[in-house]
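Whatever order the structure lists ligands and atoms in, that order sets their numbers, starting from 1. Just so it is clear, the values below take in all heavy atoms, side chains as well, and ignore hydrogens, waters and symmetry mates. Owing to the predicted nature of the structure, the values given are computational and were not obtained by experimental measurement.
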Amino acid sequence: MADTPRYHYQPAALKDVRITGGFWAQWQQAIREGSLPAVLAYLKSTGRIDAIQCKWQPGDEPKPHIFWDSDVAKWVEAAAYSLQHHPDPALEAEVDAIVEAYAAAQQPEGYINSYFVPVEPAMRWKNLRDWHELYCAGHLIEAAVAYAQTTGKTKLLAIMRRYADYIDSLFGREEGKMRGYPGHEEIELALVRLADYTGEQRYFDLAKYFVDERGTQPHYYTQEAIARGDDPNNWHWVTVENEVSRVDYSYNQSHAPVREHSDAVGHAVRAMYLYAGVADIAAAYGDNDLKAACERIFDSASQRRMYITGGLGSTASNEGFSEDYHLPNAEAYAETCAAIAFIFYLQRMARFTGERKYVDYLERALYNAMLVGVSLDGTRFFYSSPLVVRRGATGEYSNFHGHRVGWFTCSCCPPNVARLVASLGQYLYQYNPHEIMVNLFAQSEADFELADGHVHLTQHTNYPWEGVMRFTLNLAAPQAFSLRLRIPDWCPAYQLTINGKPVEAANSDGYVRLQREWHDGDSITYELMMQPRRIYAHPAIAENQGRMVLAYGPLQYCLESADNDGALDSRIIQREAWIDPVFQPDLMGGVVTLQGPSLAYQADHGSLPLYQEHPYPTHGKHFTAVPFAYWDNRTEGDMQLWIRESE
Ligand code: FUB
Ligand code: ZN
């Protein structure tokens, strides 16, 4: 079934968009050749694949974990997307083996979980607040839909439909059902994907039930804790310090019914998966209250609680949001999964409203907070991403997360990056019967079925290293429709030609809107002015005052020890210093660096007095800044995103 028409726009489907070269083709290759094999090897060596068989016995090592299935599911989903345009029988065979294992492990009533079946069968559905059965089910549903969409193979889909039907029989407001909902949201958006793909209304209704029930009174998590014999107040996710402990359900966004939510709170991944599903439900049911809640959350997150990179999560204790303007750099949690979940949510809001701002934030998170999560070769990952990393006097890093690694005990991020990058084609364009919107710029080819016929669109570009896009339209017959090209929020000016002739096109709600009758072979050249920029922080973020972040196009830039010696934290760039973009073809696969003059303090600090009554001397020093997403791909070292600036 085609993607839902309930949204004002639908994304061009992955099968209809091929990334043909340039920046994102390089990254997709890294995912295909680096991440997919590397993550699969870890899934196997850590026991996650074997665990699917549910043969664990007391005393066996390793013991399965409550959300191992989600790691496997995200890898299957990533593999499915990769297979869309890069057939690979060996990869497909690995997926098929996993599907067979799930087929064998599915319980007679439909239940699937590689932890609860063998380890704690009596505890199924007993602690929705902390355990992850519905979360794992959601990820497996997404994997099943993706694998069916890209390969046509429906065995996993049939397995997960059975499981979804079983879940539907257990949860709801009807007599005899549990009034529960997931402690870690995700299944909401997954059920909408299942509903879209199968055309089954009841999966929409189940997703809507999970959204509507969340945070209602009497509170389900309190009641289920009492039923288990636990003290509901003795819960580990307590965010109030130095007070009598109290349960704070904002951790999992169940502090209030969703329609009343206004601040982005709690665990960031949970929050953004939830609101992605809420946007889906708001669109499916034409629910303006839910839509308004989604808009309030966007304002709260993007205007007061987001890192400049698009990263979310200021505190490790809840892996999530804290207070307005509390955005510490060294301690930034900014989990890679949170950036990905934010992208899911923003894409849905863009489809809902057609408003450019959602794509601007999506692009920001994509090129910075998400992309920093993976190494250039696709085999190492950040879980959380600090905005500064510096060695202490002993040479030790002050941040525990100053270096990418291949795997984590809790390894949600690696397969999540893989599925996002492998599926990137479906983020480039959205359309309706009369309009194509170009949201992201990437060398690609795409096909659209509009009201009056088929359109083949080719986009040639070296973005984000250059701001020029050349579009060509191929049509069977002349056709009238509107082509909208996004004007990124960072772009001060643009130029346009159609078939070589300059065209004046006004900024129409953040897009260049070209409404005309198009002919086969029509070409459009769209040039975004790109120049190094400086970005400053709101005065309430005290740590960033007197500092700025360098940016070029959608990329933010940092200083890294590999290019700059001495203390990066005390390097100063003067307000008027001229900064040059320099394309370096041999650096990290070819990147634009930003270069210019800066001031540095004397390297030999030891000879200086501890205090003195006049400023310490500085001397001129050339600086080179690299894209934040590319740091930590060479020698281990320090990194500084917010750079000191002087008049
Ligand atoms: O709980 C499952 C995943 O592990 C979350 O999404 C991440 O934040 C990590 O806690
Ligand atoms: Zn993660």
Side-chain angles (χ1 to χ4, degrees), residues 31 35 39 42-43 46 48 64-75 77-78 113-116 127-140 142-143 181-190 221 235-237 239 250-254 264-277 301 307 309-322 332-345 365 369-375 380-386 400-401 404-421:
I31 295 299
S35 310
V39 172
Y42 277 112
L43 292 174
T46 57
R48 283 159 165 82
H65 181 266
I66 52 169
F67 54 84
W68 273 5
D69 288 312
S70 65
D71 298 334
V72 176
K74 279 183 274 186
W75 181 86
E77 195 184 337
N113 192 292
S114 65
Y115 176 84
F116 285 97
N127 185 350
L128 297 185
R129 185 192 65 192
D130 303 332
W131 299 341
H132 286 55
E133 290 154 289
L134 291 171
Y135 168 81
C136 288
H139 276 302
L140 282 165
E142 284 208 89
Y181 44 88
H184 193 313
E185 305 91 320
E186 205 282 337
I187 196 169
E188 300 86 347
L189 72 89
Y221 297 149
W235 187 35
H236 53 293
W237 295 112
T239 57
S250 66
Y251 170 73
N252 55 28
Q253 300 79 39
S254 68
V265 295
H267 185 275
V269 183
R270 282 171 162 83
M272 289 301 139
Y273 282 159
L274 168 66
Y275 297 118
Y307 284 98
T309 56
L312 302 179
S314 309
T315 42
S317 59
N318 65 345
E319 299 190 291
F321 298 102
S322 57
Y333 201 71
E335 184 184 338
T336 303
C337 285
I340 293 167
F342 194 30
I343 287 169
F344 291 167
Y345 160 69
M370 187 289 295
L371 198 54
V372 76
V374 58
S375 64
R380 292 180 298 110
F381 305 90
F382 276 131
Y383 186 109
S384 49
S385 297
F400 70 94
H401 43 8
R404 289 189 194 86
V405 297
W407 197 246
F408 310 89
T409 310
C410 170
S411 223
C412 45
C413 301
N416 222 359
V417 174
R419 71 175 177 146
L420 191 273
V421 176

Looking at side-chain heavy atoms only, is the closest gap between W68 and L43 below 4.5 Å? no
At a 4.0 Å threshold, what atoms of ligand 1 neighbour a non-hydrogen atom of C410? 4 (O), 9 (C)
Going by the order shown, which atoms of ligand 1 are within less than 4.0 Å of some heavy atom of H267? 5 (C), 6 (O), 7 (C), 8 (O), 10 (O)
Decide side chain to side chain contact (heavy atoms under 4.5 Å, CB included) for H184 and V269; before the verdict, give the C-alpha distance in whole Å, the side-chain angles of both, and the deciding distance to 0.1 Å. CA-CA 9 Å; H184 193 313; V269 183; 4.1 Å; yes
Can you report which non-hydrogen protein atom sits closest to atom 6 (O) of ligand 1, along with the distance? H184 NE2, 2.7 Å
Do the side-chain N and O atoms of R270 and Y251 include a donor-acceptor pair separated by under 3.5 angstrom? yes
Go through Y181 and S254 one step at a time and tell me if the side chain to side chain contact (heavy atoms under 4.5 Å, CB included) criterion holds. CA-CA 9 Å; Y181 44 88; S254 68; 3.9 Å; yes
Tell me whether ligand 1 is touched by Y135 - counting only heavy atoms on the residue side and a distance under 4.0 Å. yes
Contact atoms of ligand 1, heavy-atom distance to F67 under 4.0 Å: 1 (O), 2 (C), 4 (O)
Give every protein N, O or S atom lying under 2.8 Å from the Zn ion (ligand 2), naming each by residue and atom. E335 OE2, C337 SG, C412 SG, C413 SG
For atom 1 (O) of ligand 1, what's the nearest protein heavy atom and its distance? H132 NE2, 2.8 Å
Which heavy atom of the protein is the closest neighbour of atom 7 (C) of ligand 1, given with residue, atom name and distance? E335 OE2, 3.3 Å
If the cut-off is 4.0 Å to any non-hydrogen atom of E319, which atoms of ligand 1 fall inside it? 8 (O), 9 (C), 10 (O)
Nearest heavy-atom neighbours spanning F67 and C136: CA-SG, 3.5 Å
Hydrogens and angles aside, do Y333 and E319 bring a side-chain donor and acceptor to less than 3.5 Å of each other? yes
Is there a donor-acceptor contact under 3.5 Å linking the side chains of D71 and S411? no
Are side-chain N/O atoms of Y275 and E188 paired as donor and acceptor at under 3.5 Å? no
For atom 9 (C) of ligand 1, which protein heavy atom lies nearest, and how many Å away is it? Y383 OH, 3.0 Å
Within 6.0 Å of CZ in F344, more than 12 heavy atoms from elsewhere: yes
If we ignore hydrogens and angles and just use 3.5 Å, is the side chain of E186 paired with the main-chain N or O of H139 as donor and acceptor? yes
